[in-house]
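Accompanying notes for the structure given below.
As the structure is a computational prediction, the values presented were derived from the model and not from experiment.
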Amino acid sequence: MCDAIESAFVAISRLASGTEITYNLDSTLFPTDGLRPGELVEISGESNSGKSLLCHELIARIVLPANCGGLELGAVLIDCENSYSEVMLLSIMEKHIQNQAEPALARTLADPQQMERIQQTALKRLHLVVCYSLEQFEFSLLALPSLFVKHPEVTFVLIDSIATFYWTKCTAKNLIRQDTYQRAHCKTLRRLASKWKKVILLTRPTHFGSRQGLWRDFETTGSMVDVSASSQLTVSFPDHPPVSVSTPPIVRSLIDHRIELCETDNPSPAASRASDGDDQRFNAFVTMGDKRQYVRFYLIDEFGFNWLEA
């Protein structure tokens, strides 16, 4: 009981603090200012583009200790896709520990038990919620505030995927558009993120909610981009010619940052030199809340994401 009261006090104190906080979750995807409490991040992509794998990558960075390049914070994964793999997460953790460990710690990693201790301690910071139905998913969202109070170290919420139970909601007797379904959940997540000062990341298939005016229908707390339907944005990045990207009619969204994952047929010269043989190459097209847009290339291997450019 005392622990619960103390946790609630810590949470309320932290929420009352006016200190500006940013989380340097991934310098490749968020290279400058990091993420702020209350923000929503959307990860979209087709099947096998690495959406769930990227969630594992980000979880590893969240829960690992600071001396291994992590944030040493808590995370909740609401798994609607049955995509969580502890084996994969441990493998990704091992990669980050070996690459990011401070020198004093790196000298002790020859002992397998030391690696295991770091991994198991980090895993305790992850709260896994597996949902097999729309009712379980919606109940999990309602239960998040109680978890935040009990575990104030939880700072990130990841949802994979927000589209999973759409066809349970959309029936012959209760037709509902994909964008309406997504908007309703995003409004709920926006309220949670803003009230409890959490960062929420969600995944969706590229096709889900991207048609029938999704961009126009979203209501917003702030405008990301406001452009005409025919306008284009030219995006440049190292070792690759400029790319013209058609922008949506009105990008006014509940989402603060977007990461679009897709396979690429024309990688940059640097990406081509870094890859071997016929490895499948992908790119992550990132749109930040301050209108910056850029591209990152990556491969997927047995250790997770292998970024080819930074």
- Message: Here's one to test your reading of the geometry: is the NZ or CZ of K198 within 45 degrees of the ring axis of F156 and under 6.0 Å from its centre?
- Response: no
- Message: Could you go through D301 and K95, starting from their C-alpha distance and side-chain angles, then the distance that decides it, and tell me whether this counts as salt bridge (Lys or Arg N to Asp or Glu O under 4.0 Å)?
- Response: CA-CA 12 Å; D301 58 30; K95 173 188 67 177; 5.9 Å; no
- Query: Which residues satisfy the ring-ring contact (aromatic ring centres under 6.0 Å, His included) test with F137, sequence neighbours excluded?
  - Reply: H185
- Calculate, to the nearest 0.5 Å, the distance between atoms CG and CG belonging to L105 and L109 respectively. 5.0 Å
- Item | Nearest-0.5 Å distance that lies between atom CD in E94 and atom CG in L64 | 11.5 Å
- Message: Can you confirm whether the side chains of E260 and S44 place a donor and an acceptor under 3.5 Å from each other?
- Response: no
- Item | Nearest-0.5 Å distance that lies between atom CZ in R61 and atom CG in L73 | 14.0 Å
- Query: Applying the 4.5 Å side-chain criterion to the ILVMFWY set and letting contacts propagate, would F139 and V157 be lumped into a single cluster?
  - Reply: no
- Looking at side-chain heavy atoms only, is the closest gap between H56 and S85 below 4.5 Å? yes
- If we ignore angles and hydrogens, is there a donor and acceptor under 3.5 Å between the side chains of E39 and H257? yes
- Are the aromatic ring centres of W307 and F305 under 6.0 angstrom apart? yes
- Task: Verify the neighbour count for atom CD of E116: are there more than 12 heavy atoms of other residues, nucleotides or ligands below 6.0 Å?
- Result: no
- Trace of the side-chain hydrogen bond (donor to acceptor under 3.5 Å, both in side chains) decision for Q119 with Q114: CA-CA 9 Å; Q119 291 171 316; Q114 173 71 336; over 6 Å; no
- Is I176 close to Y166 at the side-chain level, that is, under 4.5 Å between some pair of heavy atoms? yes
- Query: Should K51 and D160 be marked as a salt bridge (Lys or Arg N to Asp or Glu O under 4.0 Å) after you check the CA-CA gap, both sets of side-chain angles, and the distance that decides it?
  - Reply: CA-CA 8 Å; K51 299 186 297 298; D160 188 23; over 6 Å; no
- Message: When you measure from the side chain of R190 to the backbone of G38, do you find a donor-acceptor pair of N or O atoms at a distance under 3.5 Å?
- Response: yes
- Query: How many angstroms lie between CD1 in I43 and OG in S52, if you round to the nearest 0.5 Å?
  - Reply: 9.0 Å
- Query: How far does NE2 of H207 sit from CD of Q178, to the nearest 0.5 angstrom?
  - Reply: 6.0 Å
- Does S49 use its side chain to pair, donor to acceptor, with the backbone of E46 at less than 3.5 Å? yes
- Item | Note, F282 side chain near N48 side chain (heavy atom, < 4.5 Å) | no
- Message: For a 4.5 angstrom cut-off between non-hydrogen side-chain atoms, does I92 reach I59?
- Response: no
- Using a 4.5 Å cut-off on heavy atoms from C-beta on, say whether the side chain of L128 contacts that of D79. yes
- Note on the structure: Per side-chain contact (heavy atoms from CB on, under 4.5 Å), S27 is matched among L29, L25, N24 by N24
- Hey, are E42 and R204 close enough for a salt bridge, meaning a charged N less than 4.0 Å from a carboxylate O? yes
- Test item: S140 side-chain N/O and Q136 main-chain N/O as donor-acceptor pair under 3.5 Å: yes
- Check whether any side-chain N or O of T155 sits under 3.5 Å from a backbone N or O of E153 as a donor-acceptor pair, and report yes or no. yes
- Test item: I259 and R296 side chains (from C-beta on) under 4.5 Å apart, heavy atoms: no
- Message: Can a side-chain donor-acceptor contact be found between E57 and H96 if the only test is distance below 3.5 angstrom?
- Response: yes
- Task: Please state whether the rings of F208 and Y181 are parallel, tilted or perpendicular, taking 30° and 60° as the class boundaries.
- Result: perpendicular
- Message: Pair L35, V41 - check side chain to side chain contact (heavy atoms under 4.5 Å, CB included), show working.
- Response: CA-CA 9 Å; L35 299 175; V41 181; 4.0 Å; yes
- Trace of the side chain to side chain contact (heavy atoms under 4.5 Å, CB included) decision for V129 with L77: CA-CA 6 Å; V129 180; L77 172 62; over 6 Å; no
- Begin with the C-alpha distance, continue with both residues' side-chain angles, and end with the deciding distance and a verdict on side-chain hydrogen bond (donor to acceptor under 3.5 Å, both in side chains) for E81 and S161. CA-CA 6 Å; E81 293 282 296; S161 148; 4.7 Å; no
- Item | Any donor-acceptor N/O pair, T171 side chain to W167 backbone, under 3.5 Å | no
- Message: Apply side chain to side chain contact (heavy atoms under 4.5 Å, CB included) to residues L134 and K169 and explain how you reach the verdict.
- Response: CA-CA 8 Å; L134 177 63; K169 191 79 170 180; 3.7 Å; yes
- Task: Grab the two heavy atoms, one from C131 and one from F165, that are nearest each other, plus how far apart they are.
- Result: O-CZ, 3.5 Å
- For S91 and F303 the tightest heavy-atom approach is OG-CD2, 3.6 Å
- Taking the side chain as every heavy atom from C-beta outward, state whether L189 and L141 have any pair of such atoms under 4.5 Å apart. yes
- So do T203 and L158 actually touch side chain to side chain, heavy atoms under 4.5 Å? no
- Here the gap from I159 atom CD1 to L40 atom CG, rounded to the nearest 0.5 Å, amounts to 8.0 Å
